[in-house]
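Atom set for the values below is all heavy atoms of this structure, side chains included, hydrogens, waters and symmetry mates excluded. In listed order, ligands and their atoms are each counted from 1.
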Amino acid sequence: MTQKITIAIDGFSSTGKSTIAKLLAKKYNYIYVDTGAMYRAVALFAKKQHFIGEDFFDVEKLISSLDSISLQFRFNENLGFAEMYLNDENVENEIRTLEISQLVSTVAAISEVRKKLVAAQQAMGKHGGIVMDGRDIGTVVFPDAELKIFMTASADQRAMRRYKELIEKGDAVTYEEILHNVQERDRVDTTREDSPLIKADDAIEIDNSELGIQEQFERICKLIDERIKG
Ligand code: DC
């Protein structure tokens with residue numbers, strides 16, 4: 001039987017981690033987990049409960065409500081990937097708005113939130129055969145992952161990609177506000193006390209500012225095949 005390894009993909013926001021991770025999961029028949037979606041769902045919950053808004057955040061209320069948050073990924077056959085469910089409701093579209101992007105880094109900085117989500121992520125990956133993307137997968141969630149990738153790209157490139165995605169979905173956003181959001185999330189994600197975004201010592205860095213998806217995919221497949229062969 002072929003060995004099923006653990007693949008950790010970390011990096012800055014909008015570096016295309018999930019696009020690559022989904023392709024890898026499909027090729028190797030692995031489970032794909034988008035951990036950003038889990039933090040986004042908690043931010044959506046906090047927003048709906050009025051625990052967080054543009055200029056307020058009742059951290060204690062969110063912490064004391066964490067037990068009432070149930071998160072689940074359910075595979076959608078038509079889309080070919082798993083969608084995020086928050087307390088049995090499909091929130092896949094709601095969690096991708098600019099509003100949630102503006103709240104999520106603050107929510108993700110709370111240690112109690114991280115503790116809950118990291119435990120769930122470790123449980124999902126305990127048998128290997130998983131591709132997980134996020135910010136702390138290679139450093140905290142799976143420090144022993146057989147393959148760790150760290151993706152980077154310039155803030156301009158990332159903002160432009162995210163801007164095009166949101167415009168295509170019909171969201172009324174400007175490039176400037178997206179760029180500001182990308183830079184602000186980089187700042188919060190890299191400077192928070194608990195599990196800041198950093199490259200694990202043994203991660204392989206891929207700067208995809210000038211790299212196409214196919215090129216990145218092939219490069220990572222080669223690394224996976226080497227790991228599987230041992
Ligand atoms: O990957 P994303 O942009 O959907 O992630 C949303 C936010 O969640 C991101 O700004 C930081 C946070 N996050 C995190 O702190 N740890 C993870 N493993 C994944 C995401």
Side-chain angles (χ1 to χ4, degrees), residues 6-22 32-47 52 57 62 66 69 71 73 81-84 86 91-125 130-143 145 148-153 155 157-163 165-166 169 171 173 177-200 203 208:
T6 299
I7 304 164
I9 304 185
D10 288 303
F12 292 93
S13 60
S14 306
T15 39
K17 300 185 294 293
S18 64
T19 305
I20 293 292
K22 275 181 204 159
Y32 163 57
V33 177
D34 169 2
T35 62
M38 300 169 76
Y39 288 94
R40 286 171 178 273
V42 175
L44 178 67
F45 173 88
K47 194 203 94 173
I52 195 168
F57 184 16
L62 175 61
L66 284 175
I69 301 179
L71 301 177
F73 286 103
F81 63 87
E83 295 178 295
M84 186 81 245
L86 164 64
V91 291
E92 187 58 34
N93 290 327
E94 263 183 290
I95 58 171
R96 310 281 171 196
T97 61
L98 178 58
E99 192 186 2
I100 293 302
S101 297
Q102 284 162 341
L103 301 174
V104 65
S105 288
T106 314
V107 170
I110 308 303
S111 290
E112 287 80 356
V113 171
R114 304 202 69 81
K115 210 170 149 207
K116 176 182 168 95
L117 299 197
V118 168
Q121 291 152 10
Q122 288 172 333
M124 286 187 261
I130 195 157
V131 188
M132 195 173 275
D133 80 39
R135 304 292 188 286
D136 60 342
I137 312 306
T139 50
V140 176
V141 183
F142 296 122
K148 300 180 186 178
I149 303 288
F150 191 82
M151 310 247 282
T152 63
Q157 292 269 3
R158 293 185 280 130
M160 188 47 81
R161 285 178 198 154
R162 182 52 66 108
Y163 172 70
E165 255 171 46
L166 291 173
K169 278 204 291 181
D171 288 6
V173 292
E177 59 186 348
I178 302 295
L179 178 63
H180 179 261
N181 175 247
V182 161
Q183 291 169 329
E184 186 53 20
R185 280 206 285 152
D186 287 356
R187 190 186 65 74
V188 179
D189 294 345
T190 53
T191 57
R192 68 176 175 230
E193 257 175 53
D194 190 344
S195 331
L197 168 63
I198 41 163
K199 177 180 164 294
N208 64 22

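Between K116 and V42 the shortest side-chain heavy-atom distance does not fall below 4.5 Å. Side-chain contact check for L62 versus V107: some heavy-atom pair is nearer than 4.5 Å. Put simply, the side chain of K17 reaches to within 4.5 Å of the side chain of R135, judged on heavy atoms.
Protein heavy atom in closest approach to atom 18 (N) of ligand 1: D136 OD1, 2.8 Å. In terms of protein heavy atoms, atom 3 (O) of ligand 1 is closest to R185 NH1, 2.8 Å. Atom 4 (O) of ligand 1 has as its closest protein heavy atom R40 NE, 2.7 Å. Taking atom 12 (C) of ligand 1 as the reference point, the nearest protein heavy-atom neighbour is A108 CB, 3.7 Å. The protein heavy atom nearest to atom 16 (N) of ligand 1 is R114 NH2, 3.0 Å.
Between K115 and E112, no side-chain nitrogen of the basic residue sits less than 4.0 Å from a carboxylate oxygen of the acidic one, so the salt-bridge criterion is not met. Note on R96 versus E92: salt bridge recorded, some NZ/NE/NH1/NH2 to OD/OE distance being below 4.0 Å.
Cation-pi geometry between K22 and F81 is met: under 6.0 angstrom from the ring centre, within 45 degrees of the axis.
Neither the backbone nor the side chain of E184 comes within contact range of ligand 1; no heavy atom lies under 4.0 Å.
The nearest non-hydrogen atom to atom 17 (C) of ligand 1, considering only Q102, K17, R135, M38, comes from R135.
Heavy atoms only, all atoms of each residue included: D194 and R192 are closest at O-NE, 2.9 Å.
At a 3.5 angstrom cut-off on N or O pairs, R192 counts as close to ligand 1.
Residue T35 approaches ligand 1 through these ligand atoms, each under 4.0 Å from one of its heavy atoms: 17 (C), 18 (N), 19 (C). The ligand atoms of ligand 1 that sit less than 4.0 angstrom from a heavy atom of S105 are 10 (O). Set against the non-hydrogen atoms of D189, the atoms of ligand 1 under 4.0 Å away are 9 (C), 10 (O), 11 (C).
Every residue was checked against the side-chain hydrogen bond (donor to acceptor under 3.5 Å, both in side chains) condition with T19, not counting sequence neighbours, and none meets it.
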